[in-house]
Number of protein chains: 2
Amino acid sequence: MADNIKPTEGELEILNILWEKGPSTVRTVHEVLEKAKGSGYTTTLKLMQIMHDKGLVKRDSSSRVHIYEAAISKIKTQGQILRKMVDTVFAGNTMQMVIQALGNHKADPAELEAIRKYLDEIEKK
Amino acid sequence: MADNIKPTEGELEILNILWEKGPSTVRTVHEVLEKAKGSGYTTTLKLMQIMHDKGLVKRDSSSRVHIYEAAISKIKTQGQILRKMVDTVFAGNTMQMVIQALGNHKADPAELEAIRKYLDEIEKK
DNA sequence: GTCGTTATACGAATGATTTCGTAAACAAAC
DNA sequence: GTTTGTTTACGAAATCATTCGTATAACGAC
């Protein structure tokens, strides 16, 4: 499973929908995408078929209406993309990236507190 | 200047080199890239010309050997890519992304301390 | 000047991603 | 059974990124 997952932009949009909604039909996914960016039904279908070929999604084709499901974990995929981004954009410097993320984002006190708690946890180990 | 900058993978590699080395010739950039991935001289040249067309780099062509320089700021570009990544991969949830980044990365005490200080600063404002 | 070297310019091939038109399969309604 | 609508399958066009071959121009050494 040590795959080099690299979903494209469009594939990621679909994965996000599947992660959120769980196993879904093409139509369900398409309806979200149509609202978001007005793409056509067959476009979504084709993308999902390609994703199936690549192993990014599983599908149950026992009935006429196929049910698609994400085949890769959200956390793992996020982690992989994140790590790559840090490498290519921040020269591997995670801390610099975190600082900048915190700087851009207007965090409210609760969020800051959550991070502090998390830092404590890391430190304990 | 509120551009929708979106350097490709290859363009980003070149930008990183230019940010690090400052204004450089194609040859200089090429030599780094050749070591890193064995690409050819004209490949680098073409990419840099495209980047010039797109406005990603400036160049001084007053002498035979053109001098290229990044036209977009490192911080700004990093911030833009980061924000987009958070949006598409983490559904806009910066905090979740930060937590995950900290979790993946084995931070040493000094780094943790730096973040705490930074959190304090944010809070003061 | 001519020759060899190094530079830029141009165009085209390749491959990946995204998009969609059209066909075929199927089911439900009539 | 025929029509209508929904679904999947197939293939091809359009776009973009990457790569490189070849042409052309400029410079320095001789």
Side-chain angles (χ1 to χ4, degrees), chain A residues 3-18 23-69 72 77 81 84-85 88-89, chain B residues 3-18 23-69 72 77 81 84-85 88-89:
Chain A
D3 301 351
N4 255 26
I5 319 172
K6 216 211 151 200
T8 67
E9 197 95 349
E11 288 169 349
L12 205 54
E13 288 181 282
I14 290 177
L15 282 173
N16 274 322
I17 295 167
L18 291 178
S24 307
T25 65
V26 173
R27 176 145 302 278
T28 305
V29 172
H30 161 63
E31 267 156 15
V32 178
L33 250 37
E34 189 182 29
K35 262 195 189 124
K37 48 177 218 164
S39 52
Y41 178 85
T42 53
T43 300
T44 303
L45 170 65
K46 181 69 169 186
L47 242 186
M48 291 176 78
Q49 287 172 340
I50 290 172
M51 291 170 75
H52 182 249
D53 289 348
K54 292 190 189 173
L56 295 176
V57 297
K58 290 177 287 195
R59 82 177 163 193
D60 173 355
S61 52
S62 61
S63 79
R64 190 161 95 89
V65 180
H66 299 183
I67 309 289
Y68 287 80
E69 183 183 355
I72 59 180
T77 305
I81 296 174
K84 177 164 191 177
M85 202 276 285
T88 61
V89 180
Chain B
D3 302 350
N4 256 24
I5 319 173
K6 215 211 152 202
T8 67
E9 197 93 349
E11 289 168 349
L12 204 54
E13 287 181 283
I14 290 176
L15 283 174
N16 275 322
I17 295 167
L18 291 178
S24 307
T25 64
V26 174
R27 175 143 307 275
T28 306
V29 172
H30 161 64
E31 268 154 17
V32 178
L33 251 35
E34 189 182 28
K35 264 197 188 122
K37 47 178 217 162
S39 52
Y41 178 86
T42 51
T43 300
T44 303
L45 169 65
K46 181 67 169 187
L47 243 185
M48 292 177 77
Q49 286 172 339
I50 290 172
M51 290 170 76
H52 183 248
D53 289 348
K54 292 189 189 172
L56 295 176
V57 297
K58 292 176 285 198
R59 80 177 166 195
D60 173 355
S61 50
S62 60
S63 79
R64 187 162 94 91
V65 180
H66 300 183
I67 308 289
Y68 287 78
E69 182 183 356
I72 59 181
T77 305
I81 295 173
K84 175 159 192 183
M85 204 275 286
T88 61
V89 181

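Everything numeric here is computed off the predicted structure, so don't read it as measured data.
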Roughly how far apart are [X] [atom1] and [Y] [atom2], rounded to 0.5 Å?
X: B:L45; Y: B:Y68; atom1: CG; atom2: OH; value: 6.0 Å
X: A:L56; Y: A:I50; atom1: CG; atom2: CD1; value: 10.5 Å
X: A:T77; Y: A:I72; atom1: OG1; atom2: CD1; value: 3.5 Å

Could you state the atom-to-atom distance from [atom1] of [X] to [atom2] of [N] in whole Å?
X: A:H30; N: D:dT6; atom1: NE2; atom2: P; value: 11 Å
X: B:R59; N: C:dA7; atom1: CZ; atom2: P; value: 15 Å
X: B:M48; N: C:dC10; atom1: CE; atom2: P; value: 17 Å
X: B:D53; N: D:dT18; atom1: CG; atom2: P; value: 15 Å
X: B:L45; N: D:dT22; atom1: CG; atom2: P; value: 17 Å
X: A:L33; N: C:dC20; atom1: CG; atom2: C1'; value: 14 Å
X: B:E31; N: C:dA7; atom1: CD; atom2: P; value: 9 Å

- Message: Quick check: do B:E9 and A:K84 have side-chain heavy atoms less than 4.5 Å from each other?
- Response: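 Side chain of B:E9 against side chain of A:K84, heavy atoms only: contact under 4.5 Å found.
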- Are side-chain heavy atoms of A:V57 and A:M48 found at a separation under 4.5 Å?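 Heavy-atom side-chain distance check fails, nothing below 4.5 Å.
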- Please identify each residue that fulfils side chain to side chain donor-acceptor pair (under 3.5 Å) with B:S62, with sequence neighbours left out.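 Residues passing side chain to side chain donor-acceptor pair (under 3.5 Å) with B:S62: B:D60.
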In a table with atom names and distances, give each donor-acceptor pair under 3.5 Å that connects a side chain of residues 23-38 of chain B to protein atoms at least two apart or in another chain.
| unit_1 | atom_1 | unit_2 | atom_2 | d |
| --- | --- | --- | --- | --- |
| B:S24 | OG | B:G22 | O | 2.6 |
| B:T25 | OG1 | B:R27 | N | 3.4 |
| B:T25 | OG1 | B:T28 | N | 3.1 |
| B:T25 | OG1 | B:T28 | OG1 | 2.9 |
| B:K37 | NZ | B:E13 | OE1 | 3.2 |

- Task: Provide the full list of side-chain hydrogen bond (donor to acceptor under 3.5 Å, both in side chains) pairs with a residue in residues 40-54 of chain B, sequence neighbours left out, each pair given once.
- Result: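 Sorted pair list: B:E11-B:K54.
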- Quick one: what's the B/S/- string for nucleotides 11-18 of chain C, heavy-atom cutoff under 4.0 Å, read 5' to 3'? B-----SB
- Item | Verdict with reasoning, B:I81 to B:L12, per side chain to side chain contact (heavy atoms under 4.5 Å, CB included) | CA-CA 11 Å; B:I81 295 173; B:L12 204 54; 4.0 Å; yes
- For B:Y41 and D:dG21, is the shortest distance between a side-chain N/O and OP1 or OP2 below 4.0 Å?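 Result: no.
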- Query: Is the phosphate of C:dC10, meaning OP1 or OP2, less than 4.0 Å from a side-chain N or O of B:Q49?
  - Reply: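 No, outside the criterion.
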- Message: Five pairs per end, C1' atoms only: what is the angle between the end axes of the helix from C:dG1-D:dC30 to C:dC30-D:dG1, to 10 degrees?
- Response: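 Helix axis angle between the two ends: 10°.
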N/O contacts under 3.5 Å, protein versus nucleotides 27-30 of chain D?
none

- Item | Side chain of B:H66 (C-beta onward), nearest among C:dA7, C:dT8, D:dT8 |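 Given the options C:dA7, C:dT8, D:dT8, the side chain of B:H66 is closest to C:dT8.
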- Message: For B:R59 and B:M51: C-alpha separation, side-chain torsions, deciding distance, then whether side chain to side chain contact (heavy atoms under 4.5 Å, CB included) applies.
- Response: CA-CA 10 Å; B:R59 80 177 166 195; B:M51 290 170 76; over 6 Å; no
